[in-house]
Colleague: 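What follows is a structure written as structure tokens; I'll ask about it next.
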Amino acid sequence: MDILLCGSFDDDERDAWRAALQEAFPDARWHLSATPEIAARIDAAVVANPLPGSLQGLTNLRLIQSLWAGVDRLLADPSLPADVPVTRMVDPAMNAAMAETALWATLSLHRDFFAYARQQHTGTWRPLAQRRADEIQVTLLGMGQMGRACAGRLLALGYRVEGWNLHGGSIEGMPLHSGMAALWALLGRSDIVINLLPLTVQTTDLLNQRFFDALRPGTGLVNLARGAHVVEADLLRALDNGQVGQAVLDVFRSEPLPADHPFWHHPKVMLLPHVAAATDLRSAARIVAQNLQALRDDRPLAHRVQRTRGY
Ligand code: NAP
Ligand code: GLV
């Protein structure tokens with residue numbers, strides 16, 4: 001089997017991935033680039049946001065396996081071979097990392113730790129009223145792999161958790177809603193909103209002025225999904241007029257965040273450099289190997305992306 005590994009890695013990252021993947025799936029020829037002769041032999045591509053056009057001309061390609069959970073950038077490549085299955089990274093280690101980030105953000109918002117950090121900055125000693133976890137309503141937008149992992153941890157700490165998804169259904173221990181009417185109502189009773197949606201045509205720019213106007217003043221916003229979910233000018237306005245009391249932002253429309261972006265120095269923004277849940281190289285390599293083995297054995301592939309719906 002011939003496999004192409006390509007993506008937006010630096011050299012060290014690429015070498016580490018190659019070593020881990022080769023160890024997890026040794027009985028294959030791994031390639032870092034494809035000359036025309038090799039291109040015709042490639043069976044599978046293991047990719048991390050490759051440059052558009054990278055998978056063109058792979059005439060024998062039967063699988064595109066993403067090392068990223070979110071496949072928005074991959075699917076945005078108009079030259080992506082249309083009839084080749086795309087599978088994405090689903091890894092309990094990554095879900096756990098996301099849940100840790102959501103838990104930290106929720107605790108920090110609930111217990112006013114960001115406000116105390118601002119107080120320290122100005123030498124202010126001013127205890128704020130302490131609230132109980134069961135008084136705090138946390139809304140999770142997106143109840144897939146990440147949303148469910150976060151919900152489990154938040155429920156265990158006693159928060160009131162509600163979720164929003166596309167297809168409805170039910171999840172034990174918490175209400176689940178879908179549809180826009182339900183979203184506006186949900187936003188109006190939330191203390192903290194955590195975004196874990198995939199970036200699709202429907203979810204791009206969802207967090208806009210109308211969304212922020214539907215919140216109660218002072219709501220905490222946590223965006224751990226994609227920057228293009230947020231209309232940044234509208235968020236800045238919502239922070240300045242108090243609709244959003246504090247934002248925790250891990251993802252941005254342009255990454256790295258440009259040096260002159262107003263988020264950098266906004267007193268009510270806590271920034272992370274897209275680290276809410278990094279792909280875990282060790283476990284991910286084993287997960288990729290399982291799908292490559294399924295391809296080799298002609299068994300069903302795990303975690304296939306529905307390309308028409310975008311996630
Ligand atoms: P997932 O398992 O595919 O779950 C997606 C969830 O979003 C599902 O519950 C889905 O609803 C819901 N959804 C999709 N479109 C919707 C819409 N139009 N309206 C309402 N709900 C909608 O994805 P995941 O693995 O949890 O990952 C979610 C996202 O997290 C990724 O796409 C990626 O952008 C982001 N992410 C970020 C980081 C980071 O480090 N910041 C790391 C990993 C992932 P149904 O359940 O009804 O289908
Ligand atoms: C990270 O953002 C991912 O989608 O894996």
Side-chain angles (χ1 to χ4, degrees), residues 7-9 13 17 46-50 65-76 86-102 104-105 139-153 161-171 174-184 186-187 193-207 211 222-230 248-253 255-257 270-281 283-284 287-288 302-311:
S8 45
F9 307 114
E13 270 177 327
W17 273 111
V46 176
V47 302
N49 287 332
Q65 167 71 54
S66 173
L67 292 174
W68 283 50
V71 288
D72 42 287
R73 267 168 70 187
L74 182 62
L75 298 186
V86 175
T87 54
R88 71 187 188 97
M89 182 49 59
V90 172
D91 180 355
M94 211 173 168
N95 299 345
M98 185 61 93
E100 287 160 7
T101 305
W104 157 80
T139 290
L140 296 171
L141 306 178
M143 287 303 302
Q145 295 288 329
M146 302 288 168
R148 284 167 192 256
C150 294
R153 299 294 294 267
V161 183
E162 297 192 47
W164 189 68
N165 74 351
L166 188 57
H167 298 101
S170 62
I171 294 181
M174 60 176 283
L176 182 62
H177 313 273
S178 54
M180 294 312 287
L183 176 64
W184 306 132
L186 195 50
L187 296 178
V193 176
I194 305 181
N195 179 31
L196 294 162
L197 290 165
L199 186 68
T200 65
V201 172
Q202 287 76 30
T203 64
T204 299
D205 294 337
L206 178 72
L207 280 64
F211 180 103
V222 184
N223 187 18
L224 307 178
R226 285 291 182 265
H229 286 130
V230 176
V248 178
L249 305 176
D250 181 56
V251 285
F252 304 91
R253 293 189 93 96
E255 295 181 6
L257 188 67
M270 164 77 207
L271 285 180
L272 298 172
H274 200 144
V275 292
T279 304
D280 183 291
L281 185 135
S283 53
I287 288 165
V288 170
H303 305 300
R304 249 185 107 154
V305 172
Q306 289 190 28
R307 290 176 63 165
T308 47
R309 75 177 187 183
Y311 71 99

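In this chain, numbering begins with 1 at the start of the sequence shown. Start at 1 and go down the list; that is how both ligands and their atoms are numbered. This is a predicted model, so every value here is computed, not measured. For the numbers below, each heavy atom of this structure counts, side chains included, while hydrogens, waters and symmetry mates do not.
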Colleague: The criterion is ring-ring contact (aromatic ring centres under 6.0 Å, His included); which residues satisfy it with W184, sequence neighbours excluded?
Modeller: none
Colleague: Please tabulate protein-ligand N/O pairs under 3.5 Å for ligand 1, atom names and distances to 0.1 Å.
Modeller:
| from | atom 1 | to | atom 2 | distance (Å) |
| --- | --- | --- | --- | --- |
| ligand 1 | 2 (O) | R88 | NH2 | 2.9 |
| ligand 1 | 2 (O) | Q145 | N | 2.9 |
| ligand 1 | 3 (O) | R88 | NH2 | 3.4 |
| ligand 1 | 9 (O) | M143 | N | 2.9 |
| ligand 1 | 9 (O) | G144 | N | 3.1 |
| ligand 1 | 11 (O) | L166 | N | 3.2 |
| ligand 1 | 21 (N) | L166 | N | 3.2 |
| ligand 1 | 25 (O) | R88 | NH1 | 2.9 |
| ligand 1 | 25 (O) | R88 | NH2 | 3.1 |
| ligand 1 | 26 (O) | Q145 | N | 3.2 |
| ligand 1 | 26 (O) | M146 | N | 2.8 |
| ligand 1 | 34 (O) | R226 | NH1 | 3.3 |
| ligand 1 | 40 (O) | A277 | N | 3.0 |
| ligand 1 | 40 (O) | A277 | O | 3.4 |
| ligand 1 | 41 (N) | L224 | O | 2.9 |
| ligand 1 | 41 (N) | D250 | OD2 | 2.8 |
| ligand 1 | 47 (O) | N165 | ND2 | 3.4 |
| ligand 1 | 47 (O) | L166 | N | 3.1 |
| ligand 1 | 47 (O) | H167 | N | 2.7 |
| ligand 1 | 47 (O) | H167 | ND1 | 2.8 |
| ligand 1 | 48 (O) | H167 | ND1 | 3.1 |
| ligand 1 | 48 (O) | Y311 | OH | 2.5 |

Colleague: Would a 4.5 Å heavy-atom cut-off, applied to side chains only, mark W164 and L196 as touching?
Modeller: no
Colleague: Go through the steps to decide whether M94 and T279 satisfy the test side chain to side chain contact (heavy atoms under 4.5 Å, CB included), and finish with yes or no.
Modeller: CA-CA 6 Å; M94 211 173 168; T279 304; 3.6 Å; yes
Colleague: Apply side-chain hydrogen bond (donor to acceptor under 3.5 Å, both in side chains) to E100 and list each qualifying residue two or more places apart in sequence or on a separate chain.
Modeller: none
Colleague: Could you pull out every protein residue that has a heavy atom closer than 4.0 Å to ligand 2, ordered by chain and then number?
Modeller: W68, A69, G70, M94, R226, H274
Colleague: With no hydrogens and no angle check, is any side-chain donor or acceptor of N223 less than 3.5 Å from a backbone partner on R226?
Modeller: yes
Colleague: Indicate the atoms forming the closest heavy-atom contact of I287 with P92, along with that distance.
Modeller: CD1-CD, 4.5 Å
Colleague: Taking the six-membered ring for Trp, are H274 and W68 ring centroids under 6.0 Å apart?
Modeller: yes
Colleague: Could you tell me whether the side chain of N195 and the main chain of L197 form a donor-acceptor pair under 3.5 Å?
Modeller: yes
Colleague: Between H177 and A182, what is the shortest heavy-atom contact and its length?
Modeller: CB-CB, 3.8 Å
